[in-house]
Amino acid sequence: MSSLSLYDTLTRTTAAFVSIKEGEVGIYLCGATVQAPPHIGHVRSGVNFDILRRWLSHSGYNVTFIRNVTDIDDKILHKAVHEELPWWAVAMKYEREFSEAYAALNVLAPTYEPRATGHITQMIGLMQILIEKGAAYAPGNGDVYLEVRKLSSYLTLSRQKLDDLQPAADAEATSSEKKDPRDFALWKAAKPGDPSWPTPWGPGRPGWHLECSAMAHQYLGETFDIHGGGLDLIFPHHENEIAQSEAAGYGFAQRWMHNAWVTTSGEKMSKSLGNSLQVHELLKSVRGIELRWYLGSAHYRSMLEFSHEALAESATAFKRIEGFLNRSVEILSVVPTPVINEAFTDAMNDDLAVPTALASISESLKVGNNAITAGDKAVIAQAANEIRGALSILGCDPFDPAYATSGNSDELVAALDGVIALALEQRTAARERRDFAASDSIRDGLASLGIIIEDTAQGPRWSITGNGSR
RNA sequence: GGUCGGAUGGCCGAGAGGCGAGGCAAGGGACUGCAAAUCCCUCUACACGGGUUCAAAUCCCGUUCCGACCUCCA
């Protein structure tokens with residue numbers, strides 16, 4: 001039996017995962033800065049780390065999963081002006097949209113989801129420690145900076161040299177008070193009209209990085225197991241988190257994991273690409289479970305080149321797996337019990353090699369379909385159990401209540417089943433008298449409503465595709 | 001300029017010295033009144049040029065192309 005290995009951005013190697021405390025894992029994931037609707041790149045990160053979390057839980061760990069919401073930053077303030085709303089209304093609006101997107105994709109709710117604005121006290125406490133230790137300084141203008149040149153380990157995550165960095169774009173604007181243009185703001189003095197909180201250095205608001213150090217410390221302690229986020233956060237965000245936390249004397253994250261992009265036309269997704277790749281737009285063409293399957297199917301460290309065609313193909317592939325599970329339920333009259341087999345385990349233990357894990361699902365699918373043909377119920381059950389087990393780790397279990405479609409009451413389903421059964425009786429009668437024009441017209445009529453009829457050895461069965469030409 | 005990725009068959013996407021993942025699409029076959037679903041078979045690739053090796057998609061050197069980050073992007 002294999003054991004879990006994970007890649008670490010800091011060492012750039014894959015190594016055995018050993019938690020700090022046996023049986024426990026603490027994960028901090030940099031969540032959204034709630035300043036725009038979520039696009040699929042944002043939720044890919046959520047899905048990737050949700051798979052990690054589910055796998056750790058399956059592996060026997062009690063997982064504490066913290067995913068923050070950064071609800072105060074320059075862009076939110078800018079957006080508030082633009083949308084003529086209070087900044088907190090903007091933040092809340094987009095936070096809800098993110099929550100809805102995560103829920104639609106069955107991303108498990110974090111153990112806790114702290115907001116930056118709820119942790120000003122902790123941030124001030126952290127800054128006091130940093131100033132006492134001589135790592136940070138308040139020049140008196142209301143800003144507080146971290147003095148990066150004093151930190152020997154600064155930039156080790158991104159493997160850069162301080163002197164090689166291009167000067168900050170805003171260097172000329174703010175550098176007058178900085179000891180070094182590359183010192184970054186832990187705290188920003190309030191400008192007229194900006195929201196602010198009182199501090200010993202004057203009213204102001206958090207810089208971008210401070211909240212994560214403060215909140216990770218609050219909920220996971222001085223040292224914790226895994227810190228995650230998107231690739232772009234390596235520098236400056238995570239580098240600066242390390243700087244703040246280590247300067248304060250914390251061990252901080254033992255392992256760094258970063259997910260790659262969803263790209264379009266070979267480029268990183270950006271806001272300028274419009275609204276079409278927002279989650280709620282894509283959910284008009286595919287179900288949440290299918291979008292999740294697509295986003296989760298690439299390895300988390302590989303770029304995923306988005307296309308509508310690839311998404312559609314992926315959805316087709318998923319429906320094939322789902323079709324087998326549904327047929328198995330019809331045959332066995334029992335919902336499969338999730339079972340994790342060895343092939344899937346080995347793949348997931350190898351730095352969450354989902355693509356290889358998918359190959360194991362294909363194997364089980366082939367075996368299962370053959371067993372249906374052969375009528376071997378034991379083999380059908382085993383294949384269905386293994387497939388459901390794999391899908392549950394990937395968060396794509398069609399029997400998961402999280403994917404239950406609201407509004408489909410049992411009564412409604414029973415009524416629909418009865419109506420279709422009537423139509424199928426007519427069709428069967430027509431077929432028996434070899435009136436294929438009549439039987440095909442019934443089948444075509446149902447198909448136009450999105451109801452697919454398949455003839456099997458046990459008689460006709462029906463299913464809803466959700467793609468009726470209404 | 002610095003740092004870091006990538007280039008695999010029609011497409012997607014693993015692998016990281018020898019035994020050619022897997023999926024989708026396509027073609028052929030089985031089954032079917034016709035379909036659908038399912039199964040079987042077929043197509044077989046590693047950007048380019050050198051090198052190391054008995055053996056290279058995999059290691060080394062070089063080249064080309066694509067991309068990311070370099071102070072508020074997941």
Side-chain angles (χ1 to χ4, degrees), chain A residues 9 12 29-33 35-36 38-49 70 73-76 148 155 158-171 174 181-185 188 206-209 228-237 239-240 258-263 265-271 294 297-299 301-305 307 309-310 312-314 316-318 320-321 323-324 327 347 350 353-363 365-366 368-370 372-374 431 434-436 439-440 443-444 447 452-457 460-461 463:
Chain A
T9 306
R12 308 280 161 91
L29 174 63
C30 284
T33 299
Q35 41 106 355
H39 60 60
I40 55 172
H42 295 123
V43 290
R44 180 188 184 185
S45 181
V47 167
N48 285 159
F49 283 96
T70 296
D73 93 317
D74 290 354
K75 285 185 177 171
I76 293 170
V148 296
L155 302 180
S158 59
R159 302 198 171 183
Q160 299 181 94
K161 294 194 186 81
L162 192 60
D163 294 320
D164 290 341
L165 293 183
Q166 288 183 351
D170 67 342
T174 55
R182 280 152 294 217
D183 289 350
F184 62 91
K188 296 182 166 194
W208 178 31
H209 316 291
L231 264 184
D232 55 344
L233 298 182
I234 294 174
F235 185 88
H237 186 56
E239 208 69 85
N240 289 355
H258 294 93
N259 65 278
W261 305 126
V262 178
T263 58
S265 306
E267 286 179 31
K268 172 184 169 181
M269 199 167 286
S270 68
K271 315 97 223 163
Y294 173 68
S297 63
H299 186 90
R301 288 192 283 119
S302 296
M303 299 292 169
L304 178 61
E305 171 69 18
S307 73
E309 293 73 25
E313 281 180 10
S314 183
T316 302
F318 181 75
R320 188 164 171 261
I321 298 166
F324 165 72
R327 269 174 274 131
D350 181 14
V354 173
T356 308
L358 297 187
S360 81
I361 294 177
S362 294
E363 267 318 298
L365 182 63
K366 188 175 288 186
N369 277 324
N370 275 316
I372 286 179
T373 307
R431 292 180 71 207
R434 302 191 72 77
D435 180 357
F436 297 120
S439 70
D440 287 353
R443 186 172 65 197
D444 294 346
I452 297 303
I453 303 306
E454 293 163 15
D455 294 319
T456 73
R461 64 185 291 269
S463 56

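So that the names make sense, note that chain A is the first sequence line, chain B the second, and so on, each numbered from 1. If you're wondering where the values come from, they're calculated on a predicted model, not measured in any experiment.
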Engineer: Please report, rounded to the nearest Å, how far the P atom of B:G67 is from the CH2 atom of A:W261.
Structural biologist: 15 Å
Engineer: Give me the distance, rounded to whole Å, that separates B:G22 from B:C65 when you measure between the C1' atoms they each carry.
Structural biologist: 28 Å
Engineer: Say we look at B:G28 and B:A35: how far apart would their P atoms be, to the nearest angstrom?
Structural biologist: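 Looking at atom P only, B:G28 and B:A35 are 13 Å apart.
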Engineer: Atom CZ of A:R434 and atom C1' of B:G33: how far apart are they, to the nearest Å?
Structural biologist: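 Nearest whole value for this atom pair: 5 Å.
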Engineer: Got a donor-acceptor contact below 3.5 angstrom from the A:T316 side chain to the A:A312 backbone?
Structural biologist: yes
Engineer: Give one of base, sugar-phosphate or nothing for A:R44, where a contact means two heavy atoms less than 4.0 Å apart.
Structural biologist: nothing
Engineer: What's the shortest heavy-atom distance between A:I453 and A:P460, and which atoms?
Structural biologist: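 For A:I453 and A:P460, the tightest heavy-atom pair comes out as CG2-CB, 4.3 Å.
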Engineer: When the C1' atoms of B:U8 and B:G13 are compared, how many Å lie between them, rounded to an integer?
Structural biologist: 9 Å
Engineer: Please state the C1' separation for the pair B:A7 and B:C48 - nearest whole angstrom.
Structural biologist: 11 Å
Engineer: Can you tell me the distance, in whole Å, between the CG atom of A:L233 and the C1' atom of B:U71?
Structural biologist: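 Rounded to whole Å, this separation is 13 Å.
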Engineer: List for me each residue that meets side chain to side chain contact (heavy atoms under 4.5 Å, CB included) alongside A:P236, sequence neighbours excluded, and say none if there are none.
Structural biologist: A:W208, A:H209, A:N240
Engineer: Can you tell me how far P of B:C69 sits from CD of A:E239, to the nearest Å?
Structural biologist: 16 Å
Engineer: Please report the shortest heavy-atom distance between A:S297 and A:L358, naming the atom on each side.
Structural biologist: CB-CD1, 3.7 Å
Engineer: Taking B:G5 as the reference, what is the distance to B:G15 when you measure between their P atoms (whole Å, please)?
Structural biologist: 15 Å
Engineer: Expressed as a whole number of angstroms, how long is the span from A:L231:CG to B:C69:C1'?
Structural biologist: 9 Å
Engineer: Quick check: closest heavy atoms across A:N259 and A:S45, and the distance to 0.1 Å?
Structural biologist: OD1-OG, 3.0 Å
Engineer: If the P atom of B:G20 is compared with that of B:U38, how far apart are they to the nearest Å?
Structural biologist: 27 Å
Engineer: Go through the structure and list residues passing salt bridge (charged side-chain N to carboxylate O under 4.0 Å, His left out) with A:R327, not counting sequence neighbours.
Structural biologist: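 Checked A:R327 against salt bridge (charged side-chain N to carboxylate O under 4.0 Å, His left out); zero matches.
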Engineer: According to ring-ring contact (aromatic ring centres under 6.0 Å, His included), who are the partners of A:H258, at least two apart in sequence or on a separate chain?
Structural biologist: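 Partners of A:H258 by the ring-ring contact (aromatic ring centres under 6.0 Å, His included) criterion, ordered by chain and then number, come out as A:H238.
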Engineer: Within the modelled atom types, does a donor on one side and an acceptor on the other bring the side chain of A:R443 and the base of B:C34 under 3.5 Å apart?
Structural biologist: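 Flag set: donor-acceptor pair detected.
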Engineer: In which stems does RNA chain B show up, taking only runs of three or more Watson-Crick or G-U wobble pairs whose two distances fall under 3.5 Å?
Structural biologist: B:1-7 with B:64-70, B:10-12 with B:22-24, B:26-30 with B:38-42, B:47-51 with B:59-63
Engineer: To the closest 0.5 Å, what do you measure between CD1 (A:I76) and CD (A:Q35)?
Structural biologist: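 Reported value, rounded in 0.5 Å steps: 6.5 Å.
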Engineer: For A:D350, which residues count as a salt bridge (charged side-chain N to carboxylate O under 4.0 Å, His left out) partner, sequence neighbours excluded?
Structural biologist: none
Engineer: Who passes side chain to side chain contact (heavy atoms under 4.5 Å, CB included) against A:A260, sequence neighbours left out?
Structural biologist: A:R44, A:L231, A:M303
Engineer: Can you tell me which nucleotide in B:G23, B:C73, B:U71 comes closest to the side chain of A:F184?
Structural biologist: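 Closest nucleotide to the A:F184 side chain: B:U71.
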Engineer: Roughly how many Å is it from CZ in A:R431 to P in B:U32, rounded to a whole number?
Structural biologist: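 The answer, rounded to whole Å, is 11 Å.
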Engineer: Using only atom types and a distance under 3.5 Å, with no angle test, would you say the side chain of A:R320 pairs donor to acceptor with the backbone of A:A317?
Structural biologist: no
Engineer: Using a heavy-atom cut-off of under 4.0 Å over every strand shown, decide if A:N240 touches base, sugar-phosphate, or nothing.
Structural biologist: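 A:N240: base contact, heavy atoms under 4.0 Å.
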Engineer: Can you measure A:F324 atom CZ to B:G23 atom C1' for me and round it to whole angstrom units?
Structural biologist: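 For the pair A:F324 CZ and B:G23 C1', the rounded distance is 17 Å.
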Engineer: List for me each residue that meets salt bridge (charged side-chain N to carboxylate O under 4.0 Å, His left out) alongside A:R301, sequence neighbours excluded, and say none if there are none.
Structural biologist: A:D351
Engineer: Let me spell it out: for each of A:N259 and A:V148, pick the nucleotide of RNA chain B with the closest heavy atom. Which residue's pick is nearer the 5' end?
Structural biologist: A:V148
Engineer: Take the protein atom CZ of A:R12 and the nucleotide atom P of B:G5, then report the distance between them rounded to whole Å.
Structural biologist: 6 Å
Engineer: Would you classify A:G41 as touching base, sugar-phosphate or nothing, given that sugar-phosphate means primed atoms plus P, OP1 and OP2, and contacts are heavy atoms under 4.0 Å?
Structural biologist: base
Engineer: Can you give me the N/O atom pairs linking the protein to nucleotides 12-14 of chain B at distances under 3.5 Å, or say none if there are none?
Structural biologist:
unit_1, atom_1, unit_2, atom_2, d
B:A14, OP1, A:H299, N, 3.2
B:A14, OP1, A:S302, OG, 2.9
B:A14, O2', A:T356, OG1, 2.9

Engineer: Detail all sub-3.5 Å separations between protein N/O atoms and N/O atoms belonging to nucleotides 36-38 of chain B.
Structural biologist:
unit_1, atom_1, unit_2, atom_2, d
B:A36, N1, A:D455, O, 3.2
B:U38, OP1, A:R320, NE, 3.2
B:U38, O3', A:N369, ND2, 3.3

Engineer: Could you go over nucleotides 27-30 of chain B and give all protein N or O partners under 3.5 Å, atom names and distances?
Structural biologist:
none

Engineer: Does any donor-acceptor pair link the side chain of A:D440 with the base of B:G33 at a separation under 3.5 Å?
Structural biologist: yes
Engineer: Categorize A:V43 for me: base, sugar-phosphate, or nothing, with a 4.0 angstrom heavy-atom threshold over every strand shown.
Structural biologist: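 Touches nothing.
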Engineer: Shortest non-hydrogen contact from A:I234 to A:S158?
Structural biologist: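 Minimum heavy-atom separation between A:I234 and A:S158: CG2-CB, 3.8 Å.
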Engineer: Report the residues that fulfil side chain to side chain contact (heavy atoms under 4.5 Å, CB included) with A:S314, sequence neighbours left out, ordered by chain and then residue number.
Structural biologist: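 Here the qualifying residues are A:W293, A:Y294.
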Engineer: Using the C1' atoms only, state how far B:C73 lies from B:A36, rounded to an integer number of Å.
Structural biologist: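 One C1' to the other, the span is 46 Å.
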Engineer: Measure from the side-chain heavy atoms of A:H42 and tell me the nearest of B:C34, B:C73, B:U71.
Structural biologist: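 Given the options B:C34, B:C73, B:U71, the side chain of A:H42 is closest to B:C73.
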Engineer: Taking the P atom of each, how far is B:G67 from B:G62, in whole Å?
Structural biologist: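 That atom pair is separated by 23 Å.
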Engineer: Identify, with sequence neighbours excluded, every residue that meets salt bridge (charged side-chain N to carboxylate O under 4.0 Å, His left out) alongside A:E305.
Structural biologist: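 None.
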Engineer: Report yes if some heavy atom in the side chain of A:T70 is under 4.5 Å from a heavy atom in the side chain of A:H237; otherwise report no.
Structural biologist: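 A:T70 vs A:H237: side chains apart.
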